[in-house]
Amino acid sequence: MAQHDNITSLRSWIDNESSLQFHIHRQNGNGIVDEKQQYQSKKESLLRSATVAYGIVELVNRARILADEKTVERGTRGYQNQEMMAVGGFLRRDDNDSRAESFDGQKKNIVANSHARNFTQSAKNETDEVGTHATRSHFLDPKMVCRCDNFQVVTSKKQIKSKWNNIRGMKMISPEVSLRLEEPARLLDAFCGEGEYSSENLNLGRYLETSIDPPLQVRNDETVDDPAAGFSQDDTNEFCNEIGVMFCELFSHMNSSENIIQPFSRIVSIDITSGKSSSEPARKKSPQEFTMLIMHFIKNLLDCRLPRHTRPDDAYSSLRECSADLHLILRDPEHFLFDNLDSVMEYTTATELSGTIPLRIREDVLYGREKEVNLIIETFCRVSAGKSEALFIGGYSGSGKTAVVKSVQPRVTAVGGYVISHKFDAISRGRSMSEVISIFNDLCLLIRDRNSAKELFEIVSKLIEVFGGNLSVLASLLPNIQALMPQFKIPSAAKESVDQMNFNSVCFTLQLFMRVVSSGYRPLMIFLDDLQWADGDGKCLDLIYSLLSDTAKGSCIFFVGSYRDNEINQEHAVFTLMAELDLCGVPSTTMRLAGLNECDLNAMLADSIRAFPRTTKSLSRIVYQKTNGNPYFVKAFLKSLVDRHILNYSLRERRWVWDLRRISSEDITTNVLYFLSQRMSALTESAQTALKVLSCFGIKVRKSIVSHLIATSRYPDFQAGLDDANEERLLEKSSLEYRF
């Protein structure tokens with residue numbers, strides 16, 4: 001450990017945490033409780049405790065491996081040399097020197113002799129090989145290893161504004177193992193600027209890298225819980241239970257001697273109406289309240305002590321599972337750790353009002369699409385080097401094509417690129433060309449907003465140089481071009497309407513425009529969604545081809561097109577465009593989005609109900625079978641289950657529960673249609689009216705039209721209906737339009 005680190009016993013560290021919380025929860029000099037400070041302090045304390053818990057599990061895991069390595073070494077020499085044993089967490093010998101090392105005194109030495117005699121006798125009854133394996137499960141005593149007196153917390157001496165991330169490592173006294181916790185420097189710099197976290201960054205979580213000393217010699221630590229490696233399940237269960245006992249003290253800030261374990265319900269039962277623990281010991285320290293997930297996390301550890309036939313399915317089967325759950329908590333504390341008692345009160349209120357708890361599906365997370373997102377980013381990086389490319393994405397409706405592309409768009413904007421997009425619909429046929437031209441018209445406003453006055457002057461100068469007297473042609477095609485050059489008077493003579501311009505003229509005009517406004521410094525991303533609805537003659541895609549194939553004049557365009565591949569055949573204009581791009585040497589990539597695999601679907605489901613992924617596998621398996629992993633169908637199916645109380649939140653158990661038998665018998669088609677019809681019928685009358693009217697205009701409606709509709713006396717509650725539909729996520733509202 002570094003010289004600027006403090007080393008504190010775990011028990012002292014817990015007492016310090018408890019005292020800190022007690023003082024913060026006291027009223028200030030004016031008699032006013034700062035609730036915001038209290039809440040922030042609780043979050044910081046929880047994150048520190050979770051970091052310490054993660055370090056403890058990693059240390060115990062490594063200690064078991066090291067003990068096994070030493071046993072393997074001795075096993076080759078036979079049982080005569082196997083008197084080296086573990087008592088009180090020590091690698092011990094049957095001699096007076098090792099007895100003197102016991103930190104609990106003579107009482108532990110008596111236990112040591114008893115274990116030593118039993119071990120030696122059992123070793124004599126086995127062959128060398130069998131004896132080696134037989135001793136491994138007894139080599140470390142879980143009760144002696146997993147105790148607060150056997151651990152130390154390493155914190156930073158450096159004075160920092162926020163101390164929630166000041167845990168630098170952990171140490172185990174016996175066997176002697178140390179662990180260093182480090183935040184990757186690249187993440188510190190990206191999130192915090194100068195390598196220090198602030199309280200505002202707390203919700204970002206911790207992305208920890210561990211360095212453990214001594215290092216492994218025999219095998220990878222992933223096999224530590226493998227019975228074939230010499231560790232029995234009973235041995236693992238005992239370690240998990242003892243860790244659970246220790247974590248009760250760690251997270252509650254109450255000493256284990258205060259009878260907090262028996263019965264366990266004393267520390268986990270919550271008074272829903274008051275939001276307080278139902279039993280609080282009389283002491284001058286503030287006991288930490290258990291959050292929902294931490295409560296179940298500890299319970300799953302303690303359940304390991306139960307007989308196999310009565311042990312719940314959620315009980316841990318390995319320390320690796322425990323470590324993975326803690327790592328998940330640290331990565332996303334806002335979602336998994338900070339679900340304090342306010343959540344319980346919120347759930348109670350929701351139940352009283354509507355009888356159901358809404359399912360919180362995370363719309364900000366893209367599950368199982370890392371490979372596809374990386375492919376899009378790699379393609380854009382090549383475009384940024386100065387060459388145009390195309391990317392085509394096929395897949396069923398609801399597979400997430402739009403979401404994948406939208407997840408990349410902010411990155412394109414962040415590096416200086418422009419993004420324009422359009423979604424075709426069933427009424428786009430016959431007007432696809434004008435719809436595509438309209439997004440280039442929107443590009444003019446984007447250029448105006450994204451560039452400085454100096455940059456705009458340079459762009460306008462180049463446009464005048466390139467178009468000369470034909471600038472009026474560009475203005476007739478893209479009226480918003482005047483937003484770039486209000487000081488210039490565009491001649492009114494010889495103006496043409498878009499309908500009067502032939503196709504070649506439109507293509508050539510936009511080619512010239514692209515040569516000026518797009519470059520490696522300012523690449524343009526064009527996203528056309530649902531290409532299966534585009535005009536059958538393919539004119540709009542021919543326009544895209546003319547822009548992408550204009551490679552000699554410096555245009556820099558990244559075209560992305562998505563389509564439902566089950567609704568078109570090989571004669572569709574999409575495939576014609578692919579073939580033509582290939583013939584002219586423009587690189588193009590095609591990928592297909594299938595449904596989520598079972599693992600990714602399980603991650604989405606677990607996030608939605610704030611549970612550990614290992615506990616939702618049985619449910620996600622059935623949902624996967626019903627939906628084939630289609631993200632839209634998954635969400636609709638789950639919401640329909642919630643509406644009918646087949647999947648619901650239990651206030652008594654403080655977690656989501658479900659009926660696997662009933663879910664298995666559900667029909668996915670019926671459920672999705674039921675969900676959609678119920679969702680629409682549950683809307684207010686004004687919202688239903690607003691959606692019906694807007695649907696007549698297609699997939700999107702400009703705000704100018706909406707303003708006119710609001711002003712008419714025919715629809716007096718039109719604005720309220722729009723607000724309701726937007727709140728239900730049936731409409732997306734932007735600065736220029738409403739979009740379904």
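Between I329 and I294, the closest side-chain pair of non-hydrogen atoms falls below 4.5 Å. With a 4.5 Å cut-off on side-chain heavy atoms, F513 and C444 count as touching. Using a 4.5 Å cut-off on side-chain heavy atoms (C-beta onward), Y738 and V706 make contact. Under the 4.5 Å side-chain criterion, counting only non-hydrogen atoms from C-beta, E334 is in contact with K43. Contact of the L528 side chain with the S421 side chain is not registered, since no non-hydrogen atoms from C-beta on lie closer than 4.5 Å. Residues I376 and L391 have side chains in contact (heavy-atom distance under 4.5 Å, counting atoms from C-beta outward). Within the 4.5 Å cutoff, side-chain heavy atoms of Y563 are placed close to those of F575. You'll find the side chain of I377 reaches within 4.5 Å of the side chain of V408, heavy atoms only.
The closest donor-acceptor contact from the side chain of H335 to the backbone of D607 lies under 3.5 Å. S323 places no side-chain N or O within 3.5 Å of a backbone atom of R320 that could act as its donor or acceptor partner. Checked by atom type and distance alone, the side chain of T616 never pairs as donor or acceptor with a backbone atom of L619 at under 3.5 Å. At least one donor-acceptor pair closer than 3.5 Å links the side chain of N597 to the backbone N or O of C599. Although no hydrogens or angles enter the test, the distance criterion places no donor-acceptor pair under 3.5 Å between the side chain of E580 and the main chain of Y545. A distance-only check finds no donor-acceptor pair linking the side chain of R610 to the backbone of L293 [under 3.5 Å]. When atom types are taken as modelled, the side chain of D717 and the backbone of A720 share no donor-acceptor pair closer than 3.5 angstrom. For the pair S399 (side chain) and A594 (backbone), a donor-acceptor distance under 3.5 Å is absent. Side chain of Q511 to main chain of S546: a donor-acceptor pair is present (N/O by atom type, distance under 3.5 Å, no hydrogens or angles).
Using cut-offs of 30° and 60° for the angle between ring planes, the F558 and F380 rings count as tilted. Ring geometry for F336 versus F612: interplanar angle under 30°, hence parallel rather than tilted (30 to 60°). Relative orientation of the F424 and H422 rings is perpendicular, given thresholds of 30° and 60° on the angle between their planes.
A donor atom on one side chain and an acceptor atom on the other are not found under 3.5 Å apart for D314 and T615. Judged purely by distance below 3.5 Å, without hydrogens or angles, the side chains of R362 and Y367 never pair a donor atom with an acceptor atom. No donor-acceptor contact under 3.5 angstrom links the side chains of Q409 and T413, judged on distance only. Side chain to side chain, D325 and Y316 meet the donor-acceptor criterion of an N or O pair below 3.5 Å. At a cut-off of 3.5 Å, with distance as the only test, no side-chain donor of N726 or D723 sits close to an acceptor on the other residue.
Interatomic distance, F527 CZ to F559 CZ, rounded to the nearest 0.5 Å: 9.0 Å. Distance check: L547 CG to S388 OG gives 8.5 Å after rounding to the nearest 0.5 Å. A distance of 5.5 Å separates OG1 in T627 from CG in L601, rounded to the nearest 0.5 Å. Put simply, CD1 on I609 and CG on L647 are 6.5 Å apart, with the number rounded to the nearest 0.5 Å. Here the CG-CG distance, from L722 to L709, works out to 8.5 Å after rounding to the nearest 0.5 Å. Distance check, rounded to the nearest 0.5 Å: SG of C696 to CD1 of I705 gives 11.5 Å.
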Would S317 and E321 count as a side-chain hydrogen bond (donor to acceptor under 3.5 Å, both in side chains) here? Give the steps. CA-CA 7 Å; S317 61; E321 288 183 345; 3.1 Å; yes
Applying side-chain hydrogen bond (donor to acceptor under 3.5 Å, both in side chains), run through N602 and Y624 and close with a yes or a no. CA-CA 9 Å; N602 184 51; Y624 177 79; over 6 Å; no
Start with the C-alpha distance between F297 and C322, add both sets of side-chain angles, then the distance that settles side chain to side chain contact (heavy atoms under 4.5 Å, CB included), and finish with yes or no. CA-CA 8 Å; F297 167 72; C322 180; 3.7 Å; yes
After noting the C-alpha distance and the side-chain angles of M604 and K635, does the key distance pass the side chain to side chain contact (heavy atoms under 4.5 Å, CB included) rule? CA-CA 10 Å; M604 181 175 75; K635 295 174 183 178; 4.3 Å; yes
Before giving the answer on side chain to side chain contact (heavy atoms under 4.5 Å, CB included), spell out for E666 and I646 the whole-Å C-alpha distance, their side-chain angles and the decisive distance to 0.1 Å. CA-CA 10 Å; E666 291 293 312; I646 302 175; 3.7 Å; yes
Check the pair R448, N480 against side chain to side chain contact (heavy atoms under 4.5 Å, CB included), reporting the backbone distance first and the verdict last. CA-CA 10 Å; R448 179 197 62 186; N480 286 337; over 6 Å; no
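Of the listed residues (L443, V436, I557, V419), just one forms a side chain to side chain contact (heavy atoms under 4.5 Å, CB included) with I526, and that residue is I557.
Summarising the local packing, CD of E571 is surrounded by 12 or fewer heavy atoms from other residues, nucleotides or ligands at distances under 6.0 Å. Environment of CZ in R411: sparse, with no more than 12 heavy atoms of neighbouring residues, nucleotides or ligands closer than 6.0 Å. With a 6.0 Å radius and a threshold of 12 heavy atoms from other residues, nucleotides or ligands, N374 has its CG atom above the threshold. A 6.0 Å sphere centred on CD of E653 holds more than 12 heavy atoms belonging to other residues, nucleotides or ligands.
K626 forms no cation-pi arrangement with F633, by the criterion of a distance under 6.0 Å to the ring centre and an angle within 45° of the ring axis. The cationic group of R654 does not satisfy the cation-pi geometry with Y649, failing either the under 6.0 Å distance to the six-membered ring centre or the 45° limit from the ring axis. Geometrically, R592 engages Y396 in a cation-pi contact, judged by NZ or CZ lying under 6.0 Å from the ring centre and within 45° of the ring axis.
Minimum heavy-atom separation, K539 to F503: O-CE1, 3.5 Å. Shown here for S384 and P523, the closest heavy-atom pair between the two residues is OG-CG, 4.0 Å. Here the shortest heavy-atom pairing between W533 and S432 reads O-OG, 4.3 Å. Contact detail for S555 and S518: the closest heavy-atom pair is CA-OG, 3.6 Å. Nearest heavy-atom pair, L548 versus A390, reported as atom, atom and distance to 0.1 Å: CD1-CB, 4.0 Å. Across all non-hydrogen atoms, the minimal contact from P333 to L47 is CB-CD1, 4.1 Å.
By the 4.0 Å N-to-carboxylate-O rule, D442 lies close enough to R702 to be salt-bridged with it. Contact check on K401 versus E372 returns no salt bridge, with no Lys/Arg side-chain nitrogen under 4.0 Å from an Asp/Glu carboxylate oxygen. A salt bridge is absent between K617 and E598; no separation between the charged side-chain nitrogens and carboxylate oxygens falls under 4.0 Å.
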